[in-house]
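Order of listing sets the numbers, starting from 1, for every ligand and every atom in it.
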Amino acid sequence: MNMGNTVQQDLLRQVEELRVEAQAALAQADTAEKVAAWHGEYLGRKGRLTGILRNLGSLTPDERPQVGKVANEVKTALEEALEERQAAIAQAELEALRRLESVDVTLPGRLQTLGKLHITTRTLRDIYGIFAEMGFQVFDGPEVETDEYNFQLLNMPPGHPARDMWDTFYTTTPGLLLRTHTSPGQIHAMRRYAPEPIRVILPGKCYRYEAVDASHETMFYQVEGLAVGRHITLSDLKGVLLNFANQMYGEGRVARFRKSYFPFTEPSVEMDIDCVFCGGKGCSICKYTGWLELLGAGMVHPRVLAWGGYDPGEFSGFAFGMGPDRIAMQKYGINDIRYFFSNDARLLERV
Ligand code: FA5
């Protein structure tokens, strides 16, 4: 064994030691930063493997290839190990991220708040259902009306004092206004179907120039009813409305009809039912009268029938108009109509 040989073996030993040490260190490097530092220390241009190979010059030309070969093998093996390590770290980082973002199925779920139909919408649907069974179809009329339909064709010519009861909001177009009631729909329906018999209900929004309080809004709903045919009498009106009250509020309702006045019906009545809260004994809801006001109604005025296209000598009809917001208030014990449009979802929980 000569000197060169000893140096050669020493270098081979150093390379082998480096391999073992580098592999152990790589196993400890658990982040991309530590792996990069590891690469710099062992395989970089100023790294330890390069440092060892700088001593190749002290070997004889015969000895160099063997050390060079072993060093290259170690370098390749370490580079492969590095790639594997990098891939493992990337995979682990991805897993950690996935765990962080994933759903923990053992956590209790968040309660979904389900929407509900508005109380007026529900009441309207109840009303449609009850009248559908009695053969009434739904007929839609416009919310923006002419003075002619809202007043004149309902027997209220310009200057008629009853117009004051139904004052409204006017558009900048003369003669065009927001309807104060659904009654103009009577004319639309009659003109559409005359001379056929009619049984319709006309639901929709109405507008009034009104002082707002617990039972009055400037925008509210009405449902109009209209039946036109031969031999229709006030008894038919009473029968239909009593049937409606029994279905809407429960069987056994007592109704009372008071004489009233509407320019478009003759005779005119107001219908009350016994208070659904106290059974007629008297309470704060019925203002201690035992009665709840339900709607206005009457026999269609002969002039209105004629303007609708029917011969009043041959045809007769009844009409009524009710306020579904007020009906909902009575039915569900809500004491202020302003809740209906105040956007407070707690109102919906009360039904
Ligand atoms: C009328 O509007 C008549 N057109 C009803 C009618 C139709 C009579 C057909 C005869 C034949 P009245 O102004 O009373 O009548 O209104 C009818 C219903 O609408 C009332 O009973 C009430 O329930 C509702 N209502 C009226 N004004 C308001 C308001 N400001 N806020 C909420 N509801 C209202």
Enquirer: Give the atoms of ligand 1, by number and element, whose distance to some non-hydrogen atom of G296 is under 4.0 Å.
Expert: 6 (C), 8 (C), 10 (C)
Enquirer: Give the atom numbers and elements of ligand 1 that come within less than 4.0 Å of a heavy atom of A319.
Expert: 9 (C), 11 (C)
Enquirer: Judged on heavy-atom distance to atom 26 (C) of ligand 1, which of Q186, M299, R208, H301 sits nearest?
Expert: R208
Enquirer: Identify, for atom 15 (O) of ligand 1, the protein heavy atom at the shortest distance, and state residue, atom and that distance.
Expert: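 Heavy-atom neighbour on the protein nearest atom 15 (O) of ligand 1: F262 CE2, 3.7 Å.
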Enquirer: Ignoring hydrogens and geometry, is there a side-chain-to-backbone donor-acceptor pair from R179 to K205 under 3.5 Å?
Expert: yes
Enquirer: To check your reading of the model: name the closest protein heavy atom to atom 19 (O) of ligand 1, its residue, and the distance in Å.
Expert: Q222 NE2, 3.1 Å
Enquirer: Counting distance only, does the side-chain N/O of T50 pair as donor-acceptor with the main-chain N or O of G44 below 3.5 Å?
Expert: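 Present.
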Enquirer: Quick one: sort the F264 and H181 rings into parallel, tilted or perpendicular, breaks at 30° and 60°.
Expert: perpendicular
Enquirer: Hey, is E41 close enough to R48 for a salt bridge, meaning N to O under 4.0 Å?
Expert: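 Yes, E41 and R48 are salt-bridged.
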Enquirer: With a cut-off of 4.0 Å, which atoms of ligand 1 are near a heavy atom of F264?
Expert: 3 (C), 4 (N), 6 (C), 7 (C), 8 (C), 9 (C), 10 (C), 11 (C)
Enquirer: Identify the closest protein heavy atom to atom 30 (N) of ligand 1: which residue and atom is it, and at what distance?
Expert: E210 OE1, 2.7 Å
Enquirer: I need the contact type for F320 against ligand 1. Using non-hydrogen atoms and a strict under-4.0 Å cut-off, is it side chain, backbone, both or neither?
Expert: backbone
Enquirer: For atom 25 (N) of ligand 1, which protein heavy atom lies nearest, and how many Å away is it?
Expert: F220 CE1, 3.4 Å
Enquirer: Can you check whether M156's main-chain N or O pairs, donor with acceptor, with R163's side chain at less than 3.5 Å?
Expert: yes
Enquirer: State whether E16 and R13 are salt-bridged, where the test is any N-O pair (Lys NZ or Arg NE/NH1/NH2 against Asp/Glu carboxylate O) under 4.0 Å.
Expert: no
Enquirer: When you measure from the side chain of D274 to the backbone N and O of W291, does any donor-acceptor pair fall under 3.5 Å?
Expert: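 Flag not set: sc D274 to bb W291 has no pair under 3.5 Å.
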Enquirer: With only distance considered, is S183 within less than 3.5 Å of ligand 1 through an N or O on each side?
Expert: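 Yes.
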Enquirer: Considering non-hydrogen atoms of the protein only, which is the closest contact for atom 20 (C) of ligand 1, and what is the distance?
Expert: R326 NH1, 4.0 Å
Enquirer: For atom 5 (C) of ligand 1, find the nearest protein heavy atom and state the residue, atom name and distance (0.1 Å precision).
Expert: G321 CA, 3.9 Å
Enquirer: Counting both backbone and side chain atoms, is some N or O of D325 under 3.5 Å from an N or O of ligand 1?
Expert: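 Checking ligand 1 against D325, no N or O pair falls under 3.5 Å apart.
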Enquirer: Tell me, which protein residue and heavy-atom name are nearest atom 31 (N) of ligand 1, and how many Å apart are they?
Expert: E217 N, 3.0 Å
Enquirer: When rounded to the nearest 0.5 angstrom, what distance separates CG in L292 from CZ in F277?
Expert: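 Atom-to-atom, L292:CG and F277:CZ are 7.0 Å apart.
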Enquirer: Could you tell me which atoms of ligand 1, counted from 1 in the order shown, lie closer than 4.0 angstrom to a heavy atom of T265?
Expert: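 Per the distance check, 10 (C), 11 (C).
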Enquirer: Compute the centroid of each ring, for H301 and then for F262, and state whether the two points are separated by less than 6.0 Å.
Expert: no
Enquirer: Relative to ligand 1, is S215 under 4.0 angstrom through side chain, backbone, both or neither, heavy atoms considered?
Expert: backbone
Enquirer: Do E196 side-chain atoms and Y193 backbone N/O form a donor-acceptor pair below 3.5 Å?
Expert: no
Enquirer: Taking 4.0 Å as the limit for heavy-atom contacts, which would you say applies to I337 with ligand 1: side chain only, backbone only, both, or neither?
Expert: side chain
Enquirer: Atom 9 (C) of ligand 1: which of E224, E293, M219 has the nearest heavy atom?
Expert: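 Minimum heavy-atom distance to atom 9 (C) of ligand 1 goes to E224.
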Enquirer: Please work out which of the three classes, parallel, tilted or perpendicular, describes the rings of F131 and F320, given edges at 30° and 60°.
Expert: parallel
Enquirer: Aromatic contact between F139 and H188, with the criterion being ring centroids under 6.0 Å apart: yes or no?
Expert: no
Enquirer: Which bit of A297 gets closer than 4.0 Å to ligand 1, counting heavy atoms only: side chain, backbone, both or neither?
Expert: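 Near ligand 1, A297 shows its backbone, while the atoms from C-beta on stay back.
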